[in-house]
Amino acid sequence: MLKRIAGLALVATASALLAAPAHAGKTLDAIKQRGQLVCGVSTGVAGLSQADTNGNWSGLDVDVCRAVAAAVIGDPKKVKYVPLTTPQRFTALQSGEIDMLSRNTTWTLSRDASLGLEFTGVTYYDGQAFMVPVKSKITSAMQLKGATVCVQAGTTTEKNLTDFSRANKLNIKPVVFEKTEAVDGAYFAGRCAAVTSDGSALASMRNNEAKNPQDHEILPTLISKEPLGPAVRRGDDEWAAIVKWVVFGLIEAEEYGITQGNVDKLAAESADPAVMRILGKTEDTGKWLGVNRDWMVKAVKAGGNYGEIFARNLGPTSAVKLPRGLNNLWNKGGIMYAPPIR
């Protein structure tokens, strides 16, 4: 009898813990006190994070920052963007200079396990490629034997290039630069036979910086997997959960047809159980994260669901003109998949 009572007490305690609101966590507390999310972004990669001449930021990584700010503060404009070079990005996060890093950064074991960081998901499945001048008549990466290749220092890109060259005995000669702008400038000035980076970055570079984009070809060979996504400091599980679930929520929103244009209407009128749950109509999922009940309504209103964000910044009708490919939803031929909000 005593064992049965003790067992029932444990069940009751567990149920109470599950029902209890989450503690906000020190990062969320700091964000709410200052009234602003500080987000680390790139120094300029069109389609991902780039500022215009008036200092207005745009891109997929930027829209993720806005969605997080909307979910936790209620206003997607309450974001301070901190442009970071490749060597600066992890130090800025480790030191607390930024709250989150949303900067075309590849999730790898070494970064996830040894830098005091935690990756919160994948926002873009990419792969490393090469771009060459069409006039070079190079059609395969295997034709780059002995060639000079422009590459950015301190990146997975540089390591992948070295591995690819050694594995295929190509004796590729890397021409290394610290900043993206220097890599791009050197390639277009003819200092390298080819340039290598993530496919998305090469498409951005070609469509936005080449005098004539048709003069440059991205070779079909991909030499790596590059899952790009946001990262936060390790040690604040509550904050990591918020960033993770905002990204998941944007993917779930696309799957269930929740858009920037219809989110308010669906929140008021939808009878779909999944939609009602995602938008906080039947369940308060926000309490488990330490945010308001309508956190996903605000996140979607900030810039749309994942599909809308992709189309605007990277898709075939954008300046970058990339196919959706692997980044399509799992039920539309891609691998973009989110755990359910429930």
key: Criterion side chain to side chain contact (heavy atoms under 4.5 Å, CB included) on R103 and L228, from CA distance to verdict   = CA-CA 8 Å; R103 184 205 178 279; L228 311 180; over 6 Å; no
Salt bridge check, [Y] against [X]: does any charged N sit closer than 4.0 Å to a carboxylate O?
X    : Y    : result
K301 : D264 : yes
K225 : D126 : no
K287 : D284 : no
D215 : R206 : no

message = If hydrophobic residues (ILVMFWY) are linked whenever their side-chain heavy atoms come closer than 4.5 Å, directly or via other members, who joins L93 in its cluster?
response =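 Via sub-4.5 Å side-chain contacts, L93 links to V38, V82, L84, F90, I98, L101, L115, L117.
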For [X] and [Y], indicate whether the former's side chain and the latter's backbone hold a donor-acceptor pair under 3.5 Å.
X    : Y    : answer
D112 : T108 : no
N292 : D294 : no
N208 : S204 : yes
R111 : T106 : yes
E118 : A231 : no
S136 : V132 : no
S270 : A267 : no
N207 : A203 : yes

message = Using the side chain to side chain contact (heavy atoms under 4.5 Å, CB included) criterion, which residues pair with D184? Sequence neighbours excluded.
response =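 D184: side chain to side chain contact (heavy atoms under 4.5 Å, CB included) contacts with T180, M205, E209.
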If you count the non-hydrogen atoms of other residues, nucleotides and ligands that lie under 6.0 Å from [atom1] in [X], is the total more than 12?
X    : atom1 : answer
K321 : NZ    : yes
R191 : CZ    : no
R166 : CZ    : no
K80  : NZ    : no

Can you measure from [atom1] ([X]) to [atom2] ([Y]) and round to the nearest 0.5 angstrom?
X    : Y    : atom1 : atom2 : value
W295 : I73  : CH2   : CD1   : 15.5 Å
L144 : S165 : CG    : OG    : 9.5 Å
T123 : N327 : OG1   : CG    : 8.5 Å
Q36  : K77  : CD    : NZ    : 14.0 Å
C39  : I31  : SG    : CD1   : 9.5 Å
F130 : M142 : CZ    : CE    : 10.0 Å

For the student: nearest non-hydrogen atoms of [X] and [Y], plus distance:
X    : Y    : answer
S49  : S42  : OG-OG, 2.7 Å
I251 : M336 : CD1-SD, 3.5 Å
P230 : V243 : CB-CG1, 4.1 Å
C150 : A186 : SG-CB, 3.8 Å
A129 : I218 : CB-CG2, 4.0 Å
L48  : S200 : CD1-OG, 3.9 Å

Would you indicate whether the side-chain heavy atoms of [Y] and [X] approach each other to under 4.5 Å?
X    : Y    : value
N305 : I309 : no
D61  : N104 : yes
V195 : F188 : no
E158 : P174 : no
I242 : V291 : yes
T221 : I223 : yes
L326 : Y124 : no
Q128 : T196 : yes

ask   = Do the rings of W107 and F119 sit parallel, tilted or perpendicular, given the 30° and 60° boundaries?
value =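 Correct class here is parallel.
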inquiry  = For Y81 and W57, take the angle between the two ring planes, folded into 0 to 90°, and tell me which bin it lands in: parallel under 30, tilted 30 to 60, perpendicular over 60.
reply    =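 Answer is tilted, since the angle falls between 30° and 60°.
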Does a donor on one side chain sit under 3.5 Å from an acceptor on the other, for [X] and [Y]?
X    : Y    : answer
S224 : E226 : yes
Q88  : T85  : yes
T157 : S197 : no
R277 : T285 : no
T259 : E308 : no
N313 : S318 : no

task = Not counting sequence neighbours, which residues clear ring-ring contact (aromatic ring centres under 6.0 Å, His included) with F177? List them please.
result =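 ring-ring contact (aromatic ring centres under 6.0 Å, His included) check on F177 returns nothing, list empty.
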Establish whether [X] and [Y] are linked, either directly or via other cluster members, by ILVMFWY side-chain heavy-atom contacts under 4.5 Å.
X    : Y    : value
Y187 : L202 : yes
V122 : I335 : yes
Y125 : L222 : no
L266 : V246 : yes
M131 : V176 : no

message = Suppose we call two aromatic rings close when their centres sit under 6.0 Å apart. Are F248 and Y337 close by that rule?
response =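 When the ring centroids of F248 and Y337 are compared, they turn out to be at least 6.0 Å apart.
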ask   = Given the rule in the side-chain hydrogen bond (donor to acceptor under 3.5 Å, both in side chains) test, do D236 and T27 qualify, once you have shown the distances and angles that lead to the verdict?
value = CA-CA 7 Å; D236 190 338; T27 305; 2.7 Å; yes
task = For side chain to side chain contact (heavy atoms under 4.5 Å, CB included), just list the numbers for H216 and V134, CA-CA rounded to whole Å, side-chain angles, deciding distance to a tenth of an Å, and then say yes or no.
result = CA-CA 5 Å; H216 303 271; V134 171; 5.6 Å; no
message = Could you go through T139 and Q143, starting from their C-alpha distance and side-chain angles, then the distance that decides it, and tell me whether this counts as side chain to side chain contact (heavy atoms under 4.5 Å, CB included)?
response = CA-CA 7 Å; T139 57; Q143 293 175 262; 2.9 Å; yes
request  = I would like to know whether W288 and E283 meet side chain to side chain contact (heavy atoms under 4.5 Å, CB included); could you show each step before the answer?
outcome  = CA-CA 11 Å; W288 298 324; E283 294 180 33; 4.2 Å; yes
